[in-house]
Amino acid sequence: MKKRRNNRRNMPIATLIKNYVDKKSGKVSDSRDEIKWRFRAQDWTVQKKIMAAFLEGGKTDRHWAYSELLDLWDSSFEAKIRELWEQYHEERCKWVVIRHLPLDYVRQNMQEFTDERDYYFVSIRLAKDKDYVIDREQLSDTDYLSVLYHSGRGVDEQEGLDILYNIVRDYCVEGIDRYDVNTRWVVLMDELAGPVHLRDARLAIYYLEMADCSKPVLAFEEWSNKVIKAMNDSEEMKSLTPQPLLDNGYDSRKLGILRKYAYLALDDKYKSPTDPSPDEMLKPVERCFYIDDDDMYQQRESLLDSSSYNPGEDIPF
């Protein structure tokens, strides 16, 4: 078996491609595996031949080629991708269509892009046309800021500040189960997490800073510090009995205090009559997860940079 493998390693890549394309060669499977193993080491001309051959293959091989085309796109593949998309409407082919095909074609196929995250990726491309009107209702707060940043549009300072406060309001009303908290402020139990440490707030701050919109960030951080002070001075905080490190129940109670005092500090325009009372927000939540900023940003941006594509990802943009 080892000798057989070594023989394949010595076989010219052109021969492997020929054996893969010839379905009667009896060597399709072995050639496929060896081609994939060698793919990244080939020059661009050979890589194009390999991807073209795989696009003519079965579903699994087409899917592999789609993933490679995200980074290794060439306009010579446009007609074939159109043909495959219109024939099969495969998910991974859709990623290539959204990312690389002409904008007019993307617009013509908008009715096909109905999955939850499709509009986000489509709008990143379409929003580069300054006349394109972004459908705000189809985007979360952080997705909206991401689209503005990646499309080169500016961010209105008041709108940026409103987004930050609305993120906090959603957290206060809906609970920690929808948000993570940065680990750096909660691993040590004598540290308090404030509004500025909420996961979606961190993402919003990231995009605002990347878009050179720092004034709302500074105002929000100052407001967050006032919330933390109110938490420290509160009777609820003073009545908490310190617990062992990484006691999730103790941590949940502190996050309940954060919910209450962040909500109380919000301007009334961010509140709704149907919101729970501040005291109801003190109730412990079922779970709380923590995430490090660096990991969060890398995961987020890797969706837009397929060079870090992981086959397990749902959407490798």
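The shown structure was predicted, so the numbers you read here are calculated from the model rather than taken from an experiment.
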I'd like to check the ring pair (Phe, Tyr, Trp, His ring centres under 6.0 Å) partners of Tyr66; sequence neighbours left out, ordered by chain and number.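 So Tyr66 forms a ring pair (Phe, Tyr, Trp, His ring centres under 6.0 Å) with His63.
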Test of understanding: with ring pair (Phe, Tyr, Trp, His ring centres under 6.0 Å), list the residues that count as partners of Tyr165, not counting sequence neighbours.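 If we apply the ring pair (Phe, Tyr, Trp, His ring centres under 6.0 Å) test to Tyr165, skipping adjacent residues, the hits are Phe220, Trp223, Tyr270.
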Those residues that, when tested against Asp233, pass side-chain hydrogen bond (donor to acceptor under 3.5 Å, both in side chains) (two or more places apart):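 Lys229.
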Listed partners of Asp61 passing side-chain hydrogen bond (donor to acceptor under 3.5 Å, both in side chains), at least two apart: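 Result, side-chain hydrogen bond (donor to acceptor under 3.5 Å, both in side chains) vs Asp61: Tyr20, Arg32.
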Kindly give the heavy-atom pair with the smallest separation between [X] and [Y], and that separation in Å.
| X | Y | value |
| --- | --- | --- |
| Ala201 | Pro195 | CB-O, 3.5 Å |
| Lys271 | Leu264 | NZ-O, 3.8 Å |
| Leu208 | Val155 | CD2-CG1, 3.6 Å |

If two hydrophobic side chains count as joined below 4.5 Å and joins carry through other members, does Trp44 share a cluster with Ile50?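 Both belong to a single hydrophobic cluster.
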Are Val133 and Leu148 in one and the same hydrophobic cluster, where Ile, Leu, Val, Met, Phe, Trp and Tyr link if side-chain heavy atoms are under 4.5 Å apart?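 No, Val133 and Leu148 fall in different hydrophobic clusters.
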Can you find a heavy atom in the side chain of [X] that is under 4.5 Å from one in the side chain of [Y]?
| X | Y | value |
| --- | --- | --- |
| Val227 | Val168 | no |
| Met11 | Glu34 | no |
| Arg153 | Ile134 | yes |
| Leu55 | Leu69 | yes |
| Lys254 | Met237 | yes |
| Leu255 | Leu258 | yes |
| Arg62 | Cys93 | no |
| Trp73 | Ile81 | yes |

Selection [range] - residue pairs positive for salt bridge (charged side-chain N to carboxylate O under 4.0 Å, His left out), sequence neighbours left out:
| range | result |
| --- | --- |
| residues 205-215 | none |
| residues 15-29 | none |
| residues 76-89 | Glu56-Lys80, Glu78-Arg82, Lys80-Glu83 |

Residues, nucleotides or ligands: over 12 heavy atoms within 6.0 Å of Glu222 CD: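 No, CD of Glu222 has 12 or fewer neighbouring heavy atoms, counting only those of other groups under 6.0 Å.
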With a cut-off of 6.0 Å (strictly less than), are more than 12 heavy atoms of other residues, nucleotides or ligands near CD of Gln87?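 It does: Gln87 CD has more than 12 such atoms within range.
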Any chance you could lay out the side-chain contact (heavy atoms from CB on, under 4.5 Å) test for Lys94 and Asn109, step after step, and finish with the verdict? CA-CA 10 Å; Lys94 176 176 66 177; Asn109 285 265; over 6 Å; no
Can you tell me how far apart [atom1] ([X]) and [atom2] ([Y]) are? Round to the nearest 0.5 Å.
| X | Y | atom1 | atom2 | answer |
| --- | --- | --- | --- | --- |
| Ser123 | Tyr132 | OG | OH | 6.0 Å |
| Gln47 | Ile35 | CD | CD1 | 12.5 Å |
| Phe54 | Thr60 | CZ | OG1 | 10.5 Å |
| Asp279 | Arg259 | CG | CZ | 12.0 Å |
| Ile167 | Leu145 | CD1 | CG | 7.0 Å |
| Asp118 | Glu112 | CG | CD | 10.5 Å |

Is a side-chain donor or acceptor of Asp135 paired with a backbone partner of Glu137 at a separation under 3.5 angstrom?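 Flag set: sc Asp135 to bb Glu137 pair under 3.5 Å.
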What residues, two or more places apart in sequence or in another chain, satisfy salt bridge (Lys or Arg N to Asp or Glu O under 4.0 Å) together with [X]?
| X | answer |
| --- | --- |
| Glu280 | none |
| Arg125 | none |
| Asp129 | Arg107 |

Under 3.5 Å, is there a donor-acceptor pair between the Ser146 and Tyr120 side chains?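 There is such a pair (donor and acceptor under 3.5 Å, judged by atom type) between the side chains of Ser146 and Tyr120.
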Just checking, is any N or O donor in the side chain of Asp74 or Ser76 under 3.5 Å from an acceptor N or O on the other one?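 Per modelled atom types, Asp74 and Ser76 side chains form a pair under 3.5 Å.
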Using a strict cut-off of less than 4.0 Å between a Lys/Arg side-chain nitrogen and an Asp/Glu carboxylate oxygen, indicate whether Asp141 and Arg136 qualify as a salt bridge.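 A salt bridge is present here (some side-chain N lies under 4.0 Å from a carboxylate O).
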Could you tell me whether Trp64 and Phe39 have their ring centroids closer than 6.0 angstrom?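 Ring centres of Phe39 and Trp64 closer than 6.0 Å.
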Apply side-chain contact (heavy atoms from CB on, under 4.5 Å) to residues Lys269 and Asp162 and explain how you reach the verdict. CA-CA 10 Å; Lys269 70 177 181 178; Asp162 287 341; 3.8 Å; yes
Could you walk me through whether Leu70 and Val96 satisfy the side-chain contact (heavy atoms from CB on, under 4.5 Å) test, starting with their C-alpha distance in whole Å, then the side-chain angles of each, then the deciding distance to 0.1 Å, before giving a yes or no? CA-CA 6 Å; Leu70 285 170; Val96 182; 4.3 Å; yes
Contacts of Lys238 that satisfy side-chain contact (heavy atoms from CB on, under 4.5 Å) - sequence neighbours left out: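 side-chain contact (heavy atoms from CB on, under 4.5 Å) check on Lys238 returns Glu235.
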side-chain contact (heavy atoms from CB on, under 4.5 Å) against Ser75, all qualifying residues, sequence neighbours excluded: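 Scan of Ser75 (side-chain contact (heavy atoms from CB on, under 4.5 Å), adjacent residues dropped) gives none.
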Please walk me through it: do Gln138 and Val122 pass side-chain contact (heavy atoms from CB on, under 4.5 Å)? CA-CA 11 Å; Gln138 292 197 55; Val122 170; over 6 Å; no
Carefully, step by step, assess Thr142 and Tyr206 under the rule side chain to side chain donor-acceptor pair (under 3.5 Å). CA-CA 9 Å; Thr142 52; Tyr206 170 77; over 6 Å; no
Residue that, paired with Glu68, satisfies salt bridge (Lys or Arg N to Asp or Glu O under 4.0 Å) out of Arg40, Arg92, Lys36: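 Going through the options one by one, the only one that passes is Arg40.
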